[in-house]
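When reading the values below, keep in mind they use all heavy atoms of this one structure, side chains included, and skip hydrogens, waters and symmetry mates.
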Amino acid sequence: MIEKIYDRILHRNPGEKEFHQAVWEVLESLEPVFARRPELLDESLIERLCEPERQIIFRVPWSDDSGKTHVNRGFRVEFNSALGPYKGGLRFHPSVNLGIIKFLGFEQTFKNALTGMPIGGGKGGSDFDPKGRSDAEVMRFCQSFMTELYRHLGEYTDIPAGDIGVGEREIGYLFGQYRRITNRWEAGVLTGKGVLWGGSQARSEATGYGLVVFTAEMLKTRGESLEGKRVVVSGSGNVAIHAMEKARQLGAVPIACSDSGGYVVEEKGIDLELLKEVKLAERGRLSAYAERSGARFVPDGRVWEVPCEVALPSATQNELDRDDAATLVRNGVLAVGEGANMPTTPEGVRVLREAGVLFGPGKAANAGGVATSALEMQQNASRDSWTFEHTEARLTEIMRHIHDLCHTTAERYGRPGDYVAGANIAGFELVERGMVAQGLI
Ligand code: NDP
């Protein structure tokens with residue numbers, strides 16, 4: 001039955017391979033739910049869940065510093081608002097297409113449900129590449145992007161945030177244009193804002209910090225901790241850097257990270273202050289970090305070759321495949337926590353799970369970012385601003401709750417220790433209850 005439904009979804013969404021992959025991963029986990037509650041199949045719940053409520057595609061014209069005109073494509077997929085307004089980031093990367101935004105929006109719906117906060121799922125972005133562009137070019141692009149997008153947003157409708165290629169700079173330009181067009185200082189319309197103008201403390205840190213809290217909770221179920229563990233991370237952006245920072249705070253040693261040009265290894269531990277300066281402040285390359293720190297730089301290599309006990313894929317989708325997983329297992333990895341969305345291929349997940357490695361899927365393990373975005377919305381709604389400590393304490397509490405929810409749900413369905421099943425089933429049960437209660441819409 002599930003295969004038949006999946007075939008229809010493939011047919012309706014041709015060529016969207018990442019979306020197909022994300023849908024199949026969820027459907028596969030849900031078989032035991034449908035076995036217990038076959039009536040859910042009669043209500044076409046899967047078909048409704050897999051069809052976004054709204055998909056917006058638009059032209060984004062802008063001119064570069066030399067006056068040349070460029071045309072990019074903008075997307076916003078408003079996936080599911082059963083539990084709250086659409087919420088999810090914007091990605092600016094040349095690889096962006098509708099299938100990628102749909103996979104991200106689909107995942108986001110379950111992730112947001114797991115946080116226990118009143119937020120639905122959405123995602124957006126553009127095939128614009130901010131790399132190598134001046135601030136003025138990025139600003140003009142963001143202004144053009146928002147000139148169309150603003151009419152679809154609102155604090156009770158749809159609230160974007162950052163993702164790959166969209167950080168505080170881009171959110172600033174987007175917010176400025178929204179405010180200018182609407183003549184409203186509506187802080188709750190975007191999250192990831194600067195703390196000075198309505199942002200939340202700990203939002204930049206939240207995804208990486210939350211990922212490490214979740215990973216530590218998984219290790220705890222086996223009587224282990226992060227103390228003294230070698231940690232390898234892919235990526236060196238927002239999520240990767242803050243994951244390494246929290247891992248170090250909890251006694252682990254982050255020894256390697258990467259960007260699209262290669263990876264660095266530093267057995268004594270990555271110099272995070274220098275890395276932040278190079279990657280976040282200067283928007284430089286990892287090779288430049290290696291030149292300044294003396295770390296070993298491996299161009300074009302696979303960061304998963306570096307032996308470690310904990311691996312945190314935190315760059316992009318499908319970046320850890322079957323061979324990488326086998327290498328990690330051979331080198332004695334204990335836990336893999338996904339900072340990125342769907343970074344591990346289905347074959348990679350299978351290899352890790354068969355070897356008994358603890359595996360935290362992104363929709364649970366990286367939910368700290370969106371959870372803290374919801375805390376930012378709470379602060380905006382009450383015109384308040386919390387301390388870093390208070391916000392981080394809330395984040396930690398939410399991550400522990402998500403971990404326990406996934407863990408107990410997996411047990412309830414006879415799959416102890418299977419966080420993929422736990423996250424998919426728990427997320428589905430929450431969204432499904434909201435959808436059923438609100439009738440056929
Ligand atoms: P950033 O843009 O800050 O950093 C992305 C990092 O990943 C960079 O080091 C980048 O390298 C690398 N990377 C991106 N795409 C590729 C690619 N195709 N091949 C190789 N390396 C790549 O993004 P974030 O840290 O915000 O996001 C990273 C991941 O985490 C994404 O999957 C995102 O969806 C997920 N995520 C982010 C959240 C957030 O709060 N920001 C929340 C939840 C999930 P380079 O600079 O060379 O391109």
Side-chain angles (χ1 to χ4, degrees), residues 56-76 89-98 100-101 104 123-153 160-186 189-199 203-204 235-241 258-262 274-292 297 299 315-316:
I56 303 147
I57 304 181
F58 52 101
R59 178 172 67 199
V60 191
W62 59 281
S63 52
D64 67 20
D65 288 343
S66 70
K68 183 172 180 301
T69 300
H70 299 260
V71 179
N72 284 99
R73 188 170 288 173
F75 301 91
R76 186 72 183 165
L90 297 172
R91 176 176 292 192
F92 292 169
H93 193 272
S95 63
V96 163
N97 57 39
L98 182 61
I100 287 188
I101 298 298
L104 290 164
K123 198 81 188 188
S126 173
D127 55 1
F128 170 71
D129 188 358
K131 229 180 275 170
R133 292 289 172 194
S134 68
D135 286 353
E137 288 174 325
V138 171
M139 180 185 73
R140 284 196 293 276
F141 174 81
C142 289
Q143 290 178 339
S144 179
F145 186 85
M146 186 53 93
T147 300
E148 169 58 32
L149 191 65
Y150 87 95
R151 70 193 81 244
H152 307 288
L153 306 184
D163 191 78
I164 293 177
V166 179
E168 192 178 315
R169 173 182 63 171
E170 290 74 17
I171 294 291
Y173 296 146
L174 292 163
F175 184 67
Q177 184 72 351
Y178 181 87
R179 186 166 65 71
R180 182 186 195 191
I181 296 174
T182 60
N183 191 28
R184 284 171 64 83
W185 211 99
E186 197 182 335
V189 78
L190 280 169
T191 58
K193 300 181 293 294
V195 171
L196 183 65
W197 38 280
R203 174 59 189 90
S204 317
S236 47
N238 175 280
V239 178
I241 287 179
S258 64
D259 68 8
S260 50
L274 178 61
L275 186 66
K276 279 186 188 177
E277 202 176 302
V278 174
K279 293 298 294 187
L280 301 182
E282 298 167 13
R283 299 178 189 278
R285 310 302 302 156
L286 208 49
S287 49
Y289 163 84
E291 273 164 32
R292 278 155 70 178
F297 180 68
T316 193

Inset, instruction - List the steps and the verdict of side chain to side chain contact (heavy atoms under 4.5 Å, CB included) for Val96 and Ile101. - result: CA-CA 7 Å; Val96 163; Ile101 298 298; 3.9 Å; yes
Legend entry - Trace of the side chain to side chain contact (heavy atoms under 4.5 Å, CB included) decision for Arg76 with Leu90: CA-CA 8 Å; Arg76 186 72 183 165; Leu90 297 172; 3.6 Å; yes
Legend entry - Worked check of side chain to side chain contact (heavy atoms under 4.5 Å, CB included) between Leu190 and Leu174: CA-CA 9 Å; Leu190 280 169; Leu174 292 163; 4.0 Å; yes
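The nearest pair of heavy atoms linking Gly165 to Pro130 is O-CG, 3.7 Å. For the residue pair Val278 and Ala288, the shortest heavy atom distance occurs at CG1-CB, 4.3 Å. Nearest heavy-atom pair, Phe297 versus Ala290, reported as atom, atom and distance to 0.1 Å: CB-CB, 3.6 Å.
Taking the side chain as every heavy atom from C-beta outward, Ile241 and Leu275 approach each other to under 4.5 Å. Taking the side chain as every heavy atom from C-beta outward, His152 and Pro160 never approach each other to under 4.5 Å.
No donor-acceptor distance shorter than 3.5 angstrom exists from the side chain of Ser144 to the backbone of Trp62, with no hydrogens or angles considered. Side-chain atoms of Arg283 never come within 3.5 Å of backbone atoms of Leu280 as a donor-acceptor pair (strictly under, hydrogens ignored).
The salt bridge (charged side-chain N to carboxylate O under 4.0 Å, His left out) contacts involving residues 61-74 comprise Asp65-Arg140, where partners must be two or more places apart or lie in separate chains. Residue pairs meeting the side chain to side chain donor-acceptor pair (under 3.5 Å) criterion with at least one partner in residues 164-175, sequence neighbours excluded, are Asp135-Arg169. A salt bridge (charged side-chain N to carboxylate O under 4.0 Å, His left out) check over residues 176-185, counting only residues at least two apart or in different chains, returns the pairs Arg184-Glu186.
Take Thr147 and apply the side chain to side chain donor-acceptor pair (under 3.5 Å) test, not counting sequence neighbours, and it matches Gln177. Residues passing the salt bridge (charged side-chain N to carboxylate O under 4.0 Å, His left out) test with Asp259, sequence neighbours excluded: Lys279, Arg285. Remark: Ser95 pairs with His93 by the side chain to side chain donor-acceptor pair (under 3.5 Å) rule, at least two apart or across chains. Under the ring pair (Phe, Tyr, Trp, His ring centres under 6.0 Å) criterion, Phe75 pairs with no residue at all, not counting sequence neighbours. Under the side chain to side chain donor-acceptor pair (under 3.5 Å) criterion, Thr191 pairs with Lys87, Ser373, not counting sequence neighbours. Qualifying side-chain contact (heavy atoms from CB on, under 4.5 Å) partners for Pro94, counting only residues two or more places apart in sequence or in other chains: Asp129. Checked against ring pair (Phe, Tyr, Trp, His ring centres under 6.0 Å), Phe145 has the following partners two or more places apart in sequence or in another chain: Phe58, Phe92, Phe141. Legend: residues meeting salt bridge (charged side-chain N to carboxylate O under 4.0 Å, His left out) with Arg91, ordered by chain and number and at least two apart, are Asp163. For Glu282, the salt bridge (charged side-chain N to carboxylate O under 4.0 Å, His left out) partners two or more places apart in sequence, or in a different chain, are Arg292.
Atom CE of Met146 sits about 11.0 Å away from atom OH of Tyr150, to the nearest 0.5 Å. How far OG1 of Thr182 is from CZ of Arg151: 12.0 Å, rounded to the nearest 0.5 Å. Once rounded to the nearest 0.5 Å, the distance linking SG of Cys142 with CZ of Phe175 reads 14.0 Å. The CD1 atom of Ile164 sits 11.0 Å away from the CG atom of Asn238 when rounded to the nearest 0.5 Å.
Outside the 6.0 Å centre-distance limit, the rings of Tyr178 and Trp185 are not counted as a close aromatic pair.
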